[in-house]
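Written out below as structure tokens is the structure these notes cover.
All chains are named by letter (A, B, ...) in the order of the sequence lines, taking the proteins before the strands, and each is independently numbered beginning at 1.
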2 protein chains.
Amino acid sequence: MTQLDVSEAPAPKLGRKRDHSRDPEILDAALEVLAEEGYDGMTIDMVAARAKAGKATLYRRWASKGELVVDAVACMKKNDLDPARLPDTGTLRGDLIAMIKPRSIEDAEKKMQVMAGLMSVLTRSPELAEAISQAIVQPRAEVNRILFRRAIERGEIPSDCDIDALSMVSPSMAAYRTMVLQKPVDREFLLDLIDGVILPAVGIRPPY
Amino acid sequence: MTQLDVSEAPAPKLGRKRDHSRDPEILDAALEVLAEEGYDGMTIDMVAARAKAGKATLYRRWASKGELVVDAVACMKKNDLDPARLPDTGTLRGDLIAMIKPRSIEDAEKKMQVMAGLMSVLTRSPELAEAISQAIVQPRAEVNRILFRRAIERGEIPSDCDIDALSMVSPSMAAYRTMVLQKPVDREFLLDLIDGVILPAVGIRPPY
DNA sequence: TATATACGGAACTTTACGGTTTCGGATAGC
DNA sequence: GCTATCCGAAACCGTAAAGTTCCGTATATA
């Protein structure tokens with residue numbers, strides 16, 4: 001490459017531009033199929049059919065099934081909550097319970113199903129593993145870390161709490177329950193988890 | 001079926017008997033491939049090659065790939081420890097730490113990898129889900145339940161502990177760490193888990 | 001309104017794998 | 001040693017899915 005890359009806007013004089021306006025529908029369709037069928041069960045035809053698009057359209061935009069999936073996973077990140085706008089009720093228990101909302105339960109369920117469908121591919125696709133980590137794993141852990149840190153700053157829980165371990169409790173147990181036990185991660189389960197494991201672990205006991 | 005099933009020993013007069021002497025090698029090979037490649041990545045040829053067996057031999061014994069995998073998963077159960085012969089050190093912490101042995105760490109790692117490879121298929125194969133549950137999930141939870149129950153009987157921890165939730169903490173976090181975070185479930189991690197989450201959650205604090 | 005472009009749909013190619021069959025050689029019982 | 005039976009290897013078949021090509025149509029820009 002002795003030549004500079006000057007592939008900028010090669011003057012399309014006429015006709016329709018190749019915008020990526022259909023990307024969202026396609027990526028959403030891919031996520032749905034992925035959640036239902038898993039990586040190997042998902043076919044390009046299924047995705048195209050669900051997005052009411054042609055298979056060729058998908059291949060004009062993504063070079064392979066793998067790249068489409070990585071993109072789809074990455075786009076899950078936009079749904080998750082802003083760490084700057086977390087509930088702040090004044091108590092750790094209040095914050096944790098305030099996180100339990102039908103909307104976020106639903107969103108988490110979908111993400112878990114997608115992750116389950118990608119599990120077997122993770123080890124052989126570092127790209128995909130990274131996408132999953134960025135879109136799901138890290139944000140979830142970060143949210144918990146923030147809540148625990150605030151509780152420490154308030155003096156509500158001891159400052160020598162193992163935050164790294166504690167922030168993984170909820171994601172781990174929710175994932176295990178969905179993927180392995182195949183039981184619902186509902187409000188009841190989450191309340192039991194908070195009052196039966198997490199709060200006891202940081203020394204908070206009833207009465208609350 | 002008005003006729004009784006009298007398919008017992010139809011008098012093989014001559015030649016070699018069809019014993020199942022090669023089953024263990026084949027099932028072990030299947031487990032290895034399963035752990036490395038996942039369900040969809042595993043091919044019958046791979047298993048046959050690794051077991052130095054012919055593909056036909058596998059199909060003489062199992063009707064399909066699915067049945068072979070179910071059998072292979074089920075045969076993992078024989079490796080796991082007898083609930084009647086668990087460590088009994090007199091303290092919960094002693095018991096939990098006594099469970100950390102290179103042998104069991106290694107065994108657990110293999111099981112987690114197999115489970116990861118089957119994750120996406122679980123929802124569509126109740127047979128397989130049941131096999132996994134019997135071979136891995138239930139035994140692991142049961143071991144923990146026993147240790148917690150004994151601690152309650154000793155009066156070491158409160159009797160109103162949420163044993164159902166607590167017995168899932170270790171399996172959940174180990175699974176998450178292996179499958180999702182792709183980090184090793186080593187002695188250090190398990191010690192941090194015990195001292196940073198489990199023991200605090202049941203009210204046991206240093207000095208031990 | 002005219003036209004270049006992208007789109008949906010469908011036909012097509014290639015490859016890989018599940019499953020079957022065949023066959024020469026090994027092996028256990030007679 | 002003889003023979004029925006099983007085994008491993010390899011060829012073979014059918015199907016399904018990744019990826020490509022083609023075409024008639026819709027659409028945005030001029």
Side-chain angles (χ1 to χ4, degrees), chain A residues 7 9-30 33-34 36-72 117-118 120-121 124-125 127-128, chain B residues 7 9-30 33-34 36-72 117-118 120-121 124-125 127-128:
Chain A
S7 56
K13 293 258 179 60
L14 227 48
R16 203 167 156 192
K17 290 188 186 72
R18 174 164 287 180
D19 56 6
H20 290 161
S21 60
R22 300 236 40 208
D23 283 15
E25 289 97 313
I26 295 173
L27 293 173
D28 280 351
V33 178
L34 221 41
E36 290 167 19
E37 312 284 343
Y39 182 88
D40 296 284
M42 157 182 159
T43 70
I44 300 293
D45 290 278
M46 285 183 199
V47 177
R50 187 158 319 201
K52 292 192 213 315
K55 194 157 55 149
T57 303
L58 302 205
Y59 278 103
R60 282 181 201 114
R61 176 76 178 80
W62 293 277
S64 69
K65 174 178 171 177
E67 292 186 21
L68 167 62
V69 170
V70 168
D71 249 32
L118 295 174
S120 41
V121 200
R124 261 160 308 153
S125 171
E127 299 238 337
L128 194 51
Chain B
S7 57
K13 292 255 179 61
L14 226 48
R16 204 165 153 196
K17 291 188 185 74
R18 173 165 292 182
D19 56 4
H20 290 162
S21 59
R22 301 234 37 209
D23 283 15
E25 289 97 313
I26 295 173
L27 292 173
D28 280 351
V33 178
L34 220 41
E36 290 167 19
E37 312 285 341
Y39 183 88
D40 295 285
M42 156 182 160
T43 71
I44 300 292
D45 292 275
M46 286 183 199
V47 178
R50 187 158 317 201
K52 292 191 212 320
K55 194 157 56 149
T57 303
L58 302 206
Y59 278 104
R60 282 182 202 112
R61 174 77 179 79
W62 292 276
S64 69
K65 173 179 173 178
E67 292 187 20
L68 168 61
V69 169
V70 168
D71 248 32
L118 295 173
S120 41
V121 200
R124 260 162 307 157
S125 170
E127 298 239 339
L128 195 51

*Partners passing side-chain contact (heavy atoms from CB on, under 4.5 Å) against A:A29 (at least two apart in sequence or in another chain)*: A:V47, A:R50, A:A51
_Gap between atoms CD and C1', on A:E25 and C:dG8 respectively (whole Å)_ = 14 Å
*Could you encode protein contacts along nucleotides 11-20 of chain C as a string, one character per nucleotide from 5' to 3', using B for base contact, S for sugar-phosphate-only contact and - for no contact, with a heavy-atom cut-off of under 4.0 Å?*
------SSBB
*Within this structure, what is the CD1-to-C1' distance between A:I26 and C:dA6, rounded to whole angstrom?*
12 Å
*Name all residues meeting the side-chain hydrogen bond (donor to acceptor under 3.5 Å, both in side chains) criterion together with A:D71; count only those two or more places apart in sequence or in a different chain, and write none if there are none.*
A:W62
*Between atom NZ in B:K52 and atom C1' in C:dA26, what is the gap in whole Å?*
18 Å
*How close or far is atom P of D:dT5 from atom CZ of B:R60, stated in whole angstroms?*
14 Å
*Keeping the roles fixed (side chain from B:K65, backbone from B:M42), state whether a donor-acceptor pair exists under 3.5 Å.*
yes
*Please list, chain by chain and in numerical order, all residues satisfying side-chain contact (heavy atoms from CB on, under 4.5 Å) with A:R124, sequence neighbours excluded.*
B:E37
*Does C:dG8 have OP1 or OP2 sitting under 4.0 Å from an N or O in the side chain of A:R22?*
yes
*asked:* Looking at C:dC7, I'd like to know if its phosphate oxygens (OP1 or OP2) sit under 4.0 Å from a side-chain N or O belonging to A:T57.
replied: no
*Please identify each residue that fulfils side-chain contact (heavy atoms from CB on, under 4.5 Å) with A:E127, with sequence neighbours left out.*
A:V70, A:S125
*D:dT21 C1' sits how many Å from A:L58 CG, rounded?*
15 Å
*Which residues satisfy the side-chain contact (heavy atoms from CB on, under 4.5 Å) test with B:T43, sequence neighbours excluded?*
B:D45, B:M46
